[in-house]
Amino acid sequence: MRHGKYPLIVTFLVPPVLLYVIFVVSPYLQAFQISTTDWLGYSADANSVGLANFKTLWNDDYVWNALKNNAILLALVPVLTIVLGLFFATMLNMGGRKGRAGVSGVRGSALYRTVYFFPQVLSVVIIALLWKEVYHPNSGLLTSALNSVGLSAPTWLGDPKTAFWCVLAVMIWSNVGFYVVLFGAAMSAIPKEIYEAVMLDGASRLTTLRKVTIPLLWDTVQVAWVYLAIFALDGFILVQLMTNGGPNFSTDVIGVRMYDTAFGSETKFGYASAIGVVMFFLTLTVAVLALRASKRDRIEYS
């Protein structure tokens, strides 16, 4: 510091920025460049084709089918996950008897938080394989439970009518616990005096949640919405391990479509990079629109 702050800034800031540029920014730029070629991924030849890959992509029914599935996930995963997360967090923080401050959590809430959060300590691969066994048509937990009460179970992941919704349920299940803990921590930071005043006015818990808790948690909900939207536009690992986009492309998503195009039988890295570029701009657009659509005046409390 005797030589000024700038040498210190350069010393500690430049190396991580260089690493970020080399290992993050550079691959993105290379993807843009590769998307304009016919590179197959294993040859030294990569002829420039301009925007031909994007024109082919525009008429690709498989890509449009994957985008349709991503659109459904985008509409349902954030909404259902946030609603369930707020509901369970409210029960844990406000579901008990009315106390001196007007609200109290249910007994054993710490244990419930641990149970809800448990899926977060599992890798996505383990979750996918676990639920693939749960959905097994012969020996799976769901099939066995239905058979034990005399009901016939569908083939779950083997039926195009049910496979997509089974994967959707796993996506929500694997994320709810994290947002229960996140929303619960944000609720615990709200001053109890606010709830006391609201309860004295005779407001119900539902009204308190809608008129007080959610407005005060809006910044947290906004961040959760963006992260879940990005997750819904990806969903690659769960889909790839549970169904690989099948049956009959009913669970195909854009991430799986890009992977199969790059590493499948055709190995079209140039075309797969074009899909990746479209996915990049789509994710960026959704994130920006979500932030702007959910923007509102900040509510402050002391």
Item to check | Validation row: V176, F87 side chains within 4.5 angstrom (heavy atoms) | outcome: no
Which heavy-atom pair separates [X] from [Y] by the least distance, and what is that distance?
X    : Y    : result
L57  : Y271 : CA-OH, 3.2 Å
T143 : P137 : CG2-O, 3.2 Å
N53  : T37  : ND2-O, 2.8 Å

Checklist entry - Donor-acceptor pair, N47 side chain versus D38 backbone, under 3.5 Å? => result no
Checklist entry - Is a side-chain N or O of N70 found less than 3.5 angstrom from the main chain of I254, in a donor-acceptor match? => result yes
Checklist entry - By side chain to side chain donor-acceptor pair (under 3.5 Å), which residues pair with S144, not counting sequence neighbours? => result none
Checklist entry - Aromatic ring centroids of Y112 and F88 under 6.0 Å? => result no
Item to check | Distance flag, aromatic centroids of F54 and W58, threshold under 6.0 Å | outcome: no
Next on the checklist: I'd like to check the salt bridge (Lys or Arg N to Asp or Glu O under 4.0 Å) partners of D260; sequence neighbours left out, ordered by chain and number.
Outcome noted: R257
Checklist outcome for this item: Hits for salt bridge (Lys or Arg N to Asp or Glu O under 4.0 Å) against K132, two or more places apart or cross-chain, chain-then-number order -> none
Next on the checklist: Is the ring pair Y259/F236 parallel, tilted or perpendicular, if the boundaries are 30 and 60 degrees?
Outcome noted: tilted
